[in-house]
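Here is how names work: the chains are called A, B, and so on, in the same order as the sequence lines, proteins then strands, and each is numbered from 1. Only a predicted model underlies this, so the values are computations on that prediction, with no experimental measurement involved.
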Number of protein chains: 2
Amino acid sequence: MEVKNPKDIEQNPVCEVQCVHTDLISACINQIITSDQATHLAELFKTLGDSTRIRIVDALAKAEFCVCDLAALLNVSQSAISHQLRVLRNSSLVKYRREGKMVYYSLDDDHVLRLYSQGLEHVNEK
Amino acid sequence: MEVKNPKDIEQNPVCEVQCVHTDLISACINQIITSDQATHLAELFKTLGDSTRIRIVDALAKAEFCVCDLAALLNVSQSAISHQLRVLRNSSLVKYRREGKMVYYSLDDDHVLRLYSQGLEHVNEK
DNA sequence: TTCTCATATGAATATTTGTTCATATGTAGT
DNA sequence: ACTACATATGAACAAATATTCATATGAGAA
């Protein structure tokens with residue numbers, strides 16, 4: 001029943017609840033990640049949040065592959081692989097080198113492998 | 001939801017490209033993560049792929065909070081926080097305990113913190 | 001019981017996103 | 001120049017998803 005008035009929100013974003021532990025909140029408010037940082041970090045995780053990209057990363061954790069190899073190995077169209085590789089590139093998760101007509105992709109650094117392995121550990125234990 | 005023309009796939013999943021390094025592929029094909037595993041892992045990362053959930057995790061990395069604390073701290077509606085907490089619960093990233101009317105949330109284990117920190121490291125270095 | 005309030009949840013909506021299709025770009029060879 | 005082919009990319013469509021709104025549930029107090 002207690003519907004919050006939009007005007008109240010403008011005045012005070014916290015008015016909707018009563019239980020707030022104000023001391024704890026004021027102690028933490030300055031330590032919380034900023035919205036900008038959160039957005040960047042979320043984008044990194046979001047990049048790994050697709051099964052096709054996970055399979056690409058898994059493959060690249062084992063060897064360097066060209067685009068058509070990945071398409072064949074994962075049974076996904078060349079276009080789809082290429083689109084997804086761009087997403088992975090934009091998040092600095094993979095790097096590439098050109099050799100003639102072909103482009104070979106690999107994981108950007110050990111950092112990526114650690115992040116991936118950490119996730120794998122979590123799902124294997126749960 | 002991932003592939004191209006079903007008829008082509010039945011006939012020959014690789015027909016669209018010519019460059020395939022068949023030896024490398026047959027050496028790797030059995031080591032690649034299964035689609036099922038990839039889906040599970042992707043869901044874990046997807047869970048962290050939203051800025052609101054990142055901010056929740058960041059807060060819970062510092063202290064235990066009840067739902068209304070999180071709503072106030074992050075300036076997000078109670079309903080939205082509650083919805084997102086369920087997503088985090090479903091991926092075993094947070095746990096909770098009831099105390100009277102209130103429900104206190106915290107990170108499920110150190111695993112989650114390591115995964116989160118690893119991601120934070122990556123974005124800070126790039 | 002009834003009231004209050006902290007939390008959870010279903011439905012609806014708006015935005016995001018992954019794939020396909022068609023086409024463009026870039027590179028090597030003729 | 002032209003052809004072949006590996007890769008990239010824009011547009012369109014379908015599927016997934018985050019938030020809001022309204023309401024339900026659960027727990028303590030009167």
Do the side chains of A/Tyr116 and B/Leu41 get nearer than 4.5 Å, heavy atoms only? yes
Counting distance alone, no hydrogens or angles: does the base of C/dT19 have a donor or acceptor under 3.5 Å from a partner atom on the side chain of A/Thr52? no
Can you list, by residue number, the residues of residues 80-88 of chain B that have a non-hydrogen atom closer than 4.0 angstrom to DNA chain D? B/Ala80, B/His83, B/Gln84
Transitive ILVMFWY cluster of A/Val87, excluding itself - 4.5 Å side-chain cut-off: none
Classify the ring geometry between A/Phe45 and B/Phe45 as parallel (under 30°), tilted (30 to 60°) or perpendicular (over 60°). parallel
What is the distance, to the nearest angstrom, from the CZ atom on B/Phe45 to the P atom on D/dA16? 21 Å
Using side-chain heavy atoms (C-beta onward) and a distance below 4.5 Å, is B/Cys68 in contact with B/Gln78? no
Selected nucleotide, minimal atom distance to A/Lys101 side chain, candidates D/dG26, C/dA28, C/dT9: C/dA28
Classify A/Tyr96 by what it touches in the nucleic acid, base, sugar-phosphate, or nothing, heavy-atom distance under 4.0 Å. nothing
Classify the nucleic acid contact of B/Tyr105 as base, sugar-phosphate or nothing, counting any heavy atom under 4.0 Å across all strands shown. sugar-phosphate
Does B/Gln78 get its side chain close enough to the base of C/dA6, under 3.5 Å, for a donor-acceptor pair? no
Just by distance, do the side chain of A/Ser26 and the backbone of A/Asp23 share a donor-acceptor pair under 3.5 Å? yes
